[in-house]
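Please read the structure below before turning to the comments.
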Amino acid sequence: MQKHNIHTLEKLLEIKGSELLEMDGFSYRMLQQLLAFLHDHNCLHLFKEK
């Protein structure tokens, strides 16, 4: 994410899932891992598909 100047989880969560998937170096598997991480920490509600 440093490649895209994203240094915090807060900044990452400002980006739509569909936009993340279009970013170079970000894959569907990475999105799944992010969603699982948020779910495990009861923070899934922070991920908003705008």
Next item on the list: Would you sort out whether R29 and Q33 count as a side chain to side chain contact (heavy atoms under 4.5 Å, CB included), showing the intermediate values?
Entry: CA-CA 6 Å; R29 182 177 176 164; Q33 291 174 336; 3.6 Å; yes
Under 3.5 Å donor-acceptor pairs involving side-chain atoms of residues 2-9, not counting sequence neighbours:
residue: K3; atom: NZ; partner: D24; partner atom: OD2; Å: 2.3
residue: H4; atom: NE2; partner: D24; partner atom: O; Å: 2.8
residue: N5; atom: OD1; partner: H7; partner atom: NE2; Å: 2.9
residue: T8; atom: OG1; partner: K11; partner atom: N; Å: 3.1

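- If you take CG on L20 and CG on L13, they are separated by 9.0 Å, rounding to the nearest 0.5 Å.
- The distance from atom CG of L35 to atom SG of C43, rounded to the nearest 0.5 Å, is 12.5 Å.
- In E10, the CD atom is not crowded: 12 or fewer heavy atoms of neighbouring residues, nucleotides or ligands sit closer than 6.0 Å.
- For residues 19-43, the set of pairs meeting the ring pair (Phe, Tyr, Trp, His ring centres under 6.0 Å) definition, not counting sequence neighbours, comprises F37-H41.
- Taken to the nearest 0.5 Å, the CE atom of M1 stands 9.5 Å off from the CG atom of L34.
- Here the CG-CE distance, from L12 to M23, works out to 8.0 Å after rounding to the nearest 0.5 Å.
- Residues L31 and F47 come closest through the heavy atom pair CD1-CZ, 3.9 Å.
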